[in-house]
Amino acid sequence: MQGSSDVGVLGLGPMGENFALNLLSRGFSVSVYNRTPERTRAFLERSGAPEGLRATYSVQEFVSSLSRPRRVFLFVKAGAPVDEVIAQLRPHLEEGDVLIDCGNSHFRDSDRRYQELLGQGVDFIGMGVSGGYEGALRGPSMMAGGSIRGYGSVEGVLREVAARHHGDPCVAYFGPGGSGHLVKTVHNGIEYAMMGAIAEVYGVLRAGLGMGPEEASEVFESWSNGELSSFLVEATYRVLRYRERESEGPLIERVLDVAEQKGTGLWTAQLSLELGVPSPSISEAVHGRFVSAMKGFREKASRFACSAGPSTAESDLLEACRSSLYLTFVSSYLQGSLLLEASSRSLGYGFDVAEAFRVWRAGCIIRSRIVERAYSALLGREAESRTLQLMEEFHRDFRERMVWWADFVAAAARLGVPAPVTSSAMNWYLSVTSRRLTANLVQALRDYFGRHGYQRTDMPGTFTSDWGRG
Ligand code: 6PG
């Protein structure tokens, strides 16, 4: 049958598959296409080929199976694959056809694609789709932007498949170009901060109250009905208690503490820096994922780990201020050193970080006794792992004065004095010297809602689990 399906879904990953099933369940006929035909066949088999589903095996067949104006939902990996797919579709599309990019695309890419397709009269919509693979099936929240005419063509469909809050469909049109993807990016930035905060609380429940994952799970569960009621807190208590087999402990203990990312958190942080509008918790959550990925460095730096121990008397606040300032200075130099080491490597400059410390000893604004000491400590040593060498040099200071640092941060908070630089300097140090972080929980949560996969500490490979969702 030529040109009969209401809509098309291109890309049959977990999100595309479930979105297609959602559309079918709402009575729309759906053509599907995937670059690899095996995936299309597997989908047909798994879904039992419900009525209204039409599998196609070439872009041409896919496009010509759609009724006009054609409405195509793209579920392909953000970045170059979206441009490739658009290039393949373009010759087959006509004035008034609508392309809806449902991936986590960069909003500036969506701005560009919207403009490029405008000339051909093809209505481009960049649409953030949230709720993971389960949301795609049962009803996602959707943030659309781009062609207003195109939105008019698909609005009815979107309202049908969207999540509902007391009957109100969770879908909106935000404006031209990449506005929908911009809103989705900020959504993801908030998601990063919330997950980072959950993992931090989990860390304190463990270290402070000696709780294991199952006890912590109970705590999160008890919080999940009150003011903290949320998808992520519920996901947390489920993830923490999940066991693959009764005989084994909670799986979370065997998830590698490396939290991955696909870019949206970073873009939010970049946007924040570009606009000069602070969103430090989002940036910190992104940094948290970077730190988690520095597994090798953390293993080595963990010998410099220290904790503050019991707090000092309040009368010592002056000393807390002095020592805290000193450690924040050192931490800032260390952060800069690590950044220089990485840039020298990745950008191919090949300079020795020690040279920077050499020229910073005099004349510049950051010259200091610390710089002089740092340079002396690097002299005559191999020109690698410079930051670790510096940490070795200053380790004793950190160990002895950590208590002042912690006291300063706590005192500032109690006094209502903002101290974001100092507290982030302290947290940077605590993070990079942690052999084991609670990023395993962030990674497990990503797998819980997005099937993003995780690595384990007890066997090689990439895994995905259903975390007891059935
Ligand atoms: C959602 C999620 C979803 C996806 C993120 C994860 O709203 O459903 O945000 O879009 O799981 O892309 O992002 P990272 O891979 O960067 O953690």
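In what follows, every heavy atom counts, from backbone to side chain, and hydrogens, waters and symmetry copies are set aside. Just so you know, ligand 1 is whichever comes first in the structure, and atom 1 is the first atom listed for that ligand. By convention here, the first residue in the shown sequence is residue 1.
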Could you tell me whether R289 and ligand 1 have an N or O pair separated by under 3.5 Å?
yes
For ligand 1, find out whether one of its N or O atoms is nearer than 3.5 Å to an N or O atom of G131.
yes
With a 4.0 Å cut-off, would you call E274 and R108 a salt bridge?
yes
Identity and distance of the protein heavy atom lying nearest atom 15 (O) of ligand 1:
R446 NH2, 2.6 Å
Numbered in order shown, the ligand 1 atoms found under 4.0 Å of a heavy atom of K184 are 1 (C), 2 (C), 3 (C), 7 (O), 9 (O), 10 (O)
Starting from atom 16 (O) of ligand 1, find the nearest protein heavy-atom neighbour and note its residue, name and distance.
Y192 OH, 2.5 Å
Quick check: do H106 and H181 have side-chain heavy atoms less than 4.5 Å from each other?
no
Closest approach of any protein heavy atom to atom 12 (O) of ligand 1, naming residue and atom:
N104 ND2, 2.8 Å
Are the charged groups of K77 and E84 less than 4.0 angstrom apart, N to O?
no
State the atoms of ligand 1, each with its element, that fall below the 4.0 Å cut-off from a heavy-atom position in G132.
8 (O)
W428 and side-chain contact (heavy atoms from CB on, under 4.5 Å): which partner among E284, Q335, H287?
Q335
Please test F304 against F398 for ring-ring contact (aromatic ring centres under 6.0 Å, His included), starting from the C-alpha separation and ending with a verdict.
CA-CA 8 Å; F304 308 126; F398 281 100; 9.4 Å; no
Judging by distance only, is a nitrogen or oxygen of G450 under 3.5 angstrom from one on ligand 1?
no
In terms of its nearest heavy atom to atom 6 (C) of ligand 1, the top option of H187, H452, K262, R451 is H452
Looking only at non-hydrogen atoms, which of N188, D447, V129, V286 approaches atom 5 (C) of ligand 1 most closely?
N188
Between the side chains of R456 and E244, is the shortest nitrogen-to-carboxylate-oxygen separation below 4.0 Å, so that they form an ion pair?
yes
Partners of E51 by side chain to side chain donor-acceptor pair (under 3.5 Å), sequence neighbours excluded?
none
Please list the nearest protein heavy atom to atom 7 (O) of ligand 1 with its residue and the distance rounded to 0.1 Å.
S130 OG, 2.5 Å
Sequence neighbours excluded, the answer for salt bridge (charged side-chain N to carboxylate O under 4.0 Å, His left out) partners of R159 is none
closest protein heavy atom to atom 2 (C) of ligand 1 is E191 OE1, 3.3 Å
